[in-house]
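Basis for what follows: all heavy atoms, side chains included, without hydrogens, waters or symmetry-related copies. Below, read A as the first sequence line, B as the second, and so on, with proteins coming before strands; counting in each chain starts at 1.
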Number of protein chains: 2
Amino acid sequence: MDLRRLRYFVAVAEARSVGKAAERLRMAQPPLSVQIRKLEGEIGAPLFRRGTRGMDLTEAGQALLARASEALALAADGAEAARAVASGRRGRLSVGYMFVLANAVLPRLIPELRRSIPGVDLDFAELSASTREGRLLDRSVTVALCMPAIHHPEIQVARVGAQAFMLAMPIRSPLARLGAVPMAKLQGRPLIALPWPDHDPASSAVAALLRRHQIVMPIASRVETVHSAMSLVLAGEGLAILPACAQLGAPRGIVFRPLRDATDSIDIAVCWRRDSQSPLIRTFLKCAEKVVAPL
Amino acid sequence: MDLRRLRYFVAVAEARSVGKAAERLRMAQPPLSVQIRKLEGEIGAPLFRRGTRGMDLTEAGQALLARASEALALAADGAEAARAVASGRRGRLSVGYMFVLANAVLPRLIPELRRSIPGVDLDFAELSASTREGRLLDRSVTVALCMPAIHHPEIQVARVGAQAFMLAMPIRSPLARLGAVPMAKLQGRPLIALPWPDHDPASSAVAALLRRHQIVMPIASRVETVHSAMSLVLAGEGLAILPACAQLGAPRGIVFRPLRDATDSIDIAVCWRRDSQSPLIRTFLKCAEKVVAPL
DNA sequence: CATTGGCATACCGAAAACATATGGGTTGAC
DNA sequence: GTCAACCCATATGTTTTCGGTATGCCAATG
């Protein structure tokens, strides 16, 4: 059962004539006649009544015609759908994001994405520091909006922006009265640290920042997320040095202050599998750059 | 876009491996690999990710897979449907019938047909003496249940039964008191004749019957249908010689009596286009024979 | 470093399809 | 009634495509 035969069959059925159909198919009449007879042989029954004025579908032919044209349309549609997905006009894009960025980025990123790739279904998944690599590698997310960037040989990274470090403290803290906190004021105060491993730029950036100013802050706790850090800060366990965007998700009672003399920042990055050839990644990257730049 | 390629594609997608799929398709691995690449060339995008452990669908491939398997199923279903129609397991049968036979035959014929060919849609159309040939020739009915049979070179006829002629008269007629009416009693009485042409066996049968008994009945009226004949008989315009089955549709006030010494009858026939190759005709004929025989 | 497993490529023989030429049957015109 | 026109079917040669065998390439594995 060949699709070409079905195409020929439909053409002959519509033209009600082998000759006319052959003309429309840009081929000679005899081979078309042969193909029709082969199809009839395959089916095991005549599909046309041959008259002196052309061909006319039998009942069996009518039964076949309906499904044959549907099958043709489906095949064409399948090819078109595959092309559309390959070109990025349609498809699905799984976006992973770290929760620190959710409040600052998603409200502007999502409308931008919907405008850029209206035919694409989007779905979003929150990533944690410990799962984000795995989710990219097993392709359960296609792109990840990360802070800080992922370092992995299989994963490609594009920096789309950065956030300055700020000091998070309880509103009742004496430091909160200052417009900007001098680094020297941090000396000896307990620090709520994030669990990012030492080779990771975020943790090393905070560590380097302190080291550069010759500040020592004892680590009061190590927590999993920026939100936990803020909870402990609110509880008076210590201070935290966090990216500025964390302010947007901060609970009441926490205030952020810039660190005077500290221009250090942490990158916002888009990450994806190096071997992923989805054209949506480039579009996503453009959107992310556009949306993150003003921050 | 060839259906074979789609079949191969689906096989590879399901087996997630060219080698396994080739085995299942009873062919060698290299040509299958070539076909897949040709399909990818046709689509213009890779459909599989080639890993060291086999093949894995890309998004584009997934988009194609859904429609490709549907298209395959539709094509197979189309072929099957055509075969089913050709073999008479499914399809449509348009049955024409003349109204004289409706009361006597249809109530038993229709259930019999539905039992014999449950997958076939039936539709029924009443035929008149003047349209029945045309309806068969233009295929708007496939078979016709006729009385009398049709004579036409393109139309094939199978006799399935016969009905004796009876005399139809008003219940108040003096003849109605007889159990059977001797032919001699008809001499000179007015006859309500049907318009069947002279070469037609029905009319000629009545004419021959009268001629054989040397009876002359002046023609009071010529009417189109058996029912009209009975109306005129009821109105006292004359007598009618009608097939026995017409009794079932006779209005109150009409009685039928057998004609003594007259064994003449008129055929009940199934008629169809000689070139119609529908297998349903044979089944229909069997049903009609079975149902008409006891009459 | 060799071996294994899996896909891709090269080449050849076989099968299928297409084009040209032609036959046969029916319709319609003169 | 004959002839021309029309349309589908058949026959034959050429070209395209497909499938099989042999082999190469690459990565993972031990």
With respect to the phosphate group of D/dC18, does any side-chain polar atom (N or O) of B/Lys38 fall under 4.0 Å of OP1 or OP2?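 For D/dC18, OP1/OP2 do have a side-chain N/O of B/Lys38 under 4.0 Å.
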Is the shortest side-chain N/O distance from A/Arg26 to OP1 or OP2 of C/dC18 below 4.0 Å? no
Walking DNA chain D from its 5' end, the first of B/Arg4 and A/Val34 to be reached, judged by nearest nucleotide, is A/Val34
Review point. Just checking, is any N or O donor in the side chain of A/Thr58 or A/Arg49 under 3.5 Å from an acceptor N or O on the other one?
Key: no
Spacing of [X] atom [atom1] relative to [N] atom [atom2], expressed in whole Å:
X        : N      : atom1 : atom2 : value
B/Leu32  : D/dT17 : CG    : P     : 18 Å
B/Ile36  : C/dA8  : CD1   : C1'   : 13 Å
A/Asp275 : D/dC26 : CG    : P     : 18 Å
A/Glu40  : D/dC8  : CD    : P     : 13 Å
A/Leu25  : C/dC18 : CG    : P     : 10 Å
B/Leu3   : D/dC18 : CG    : P     : 13 Å
A/Glu23  : C/dA19 : CD    : C1'   : 16 Å
A/Phe48  : D/dC7  : CZ    : P     : 16 Å

Could you list, one pair per line, each protein nitrogen or oxygen that sits under 3.5 Å from a nitrogen or oxygen of nucleotides 3-7 of chain C, together with the distance?
from, atom 1, to, atom 2, distance (Å)
C/dC7, OP1, B/Val18, N, 2.9
C/dC7, OP2, B/Gly19, N, 3.0

Side-chain polar contacts of residues 69-85 of chain B - donor-acceptor pairs under 3.5 angstrom, sequence neighbours left out - could you list them?
from, atom 1, to, atom 2, distance (Å)
B/Ser69, OG, B/Leu65, O, 2.6
B/Ser69, OG, B/Ala66, O, 3.3
B/Asp77, OD2, A/Arg67, NH1, 2.6
B/Glu80, OE2, B/Arg89, NH2, 2.8
B/Arg83, NH1, A/Glu42, O, 3.1
B/Arg83, NH1, A/Ile43, O, 3.3

For the backbone of B/Arg4 and the side chain of B/Asp2, can you confirm whether one donor and one acceptor N or O come within less than 3.5 Å of each other?
yes
Spell out, as yes or no, whether a donor-acceptor pair under 3.5 Å connects the side chain of B/Thr131 to the backbone of B/Ser128.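 Here the side-chain-to-backbone pair exists.
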Are A/Val95 and A/Val141 side-chain neighbours, meaning at least one heavy-atom pair lies under 4.5 Å?
no
Residues at least two apart in sequence or cross-chain that pass side-chain hydrogen bond (donor to acceptor under 3.5 Å, both in side chains) with B/Arg50, listed by chain then number, are B/Glu40
task = Just compare D/dG19, D/dA22, C/dT20 and give me whichever is closest to any side-chain atom of B/Pro30.
result =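 For the B/Pro30 side chain, the nearest candidate turns out to be D/dA22.
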Reported NE2-to-CG distance for the pair B/His152 and B/Leu136, which is rounded to 0.5 angstrom:
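That separation rounds to 9.5 Å.
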Have a look at A/Tyr8 and say if it touches a base, only the backbone sugar-phosphate, or nothing, with a 4.0 Å heavy-atom cut-off.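 Sugar-phosphate, backbone atoms only, no base.
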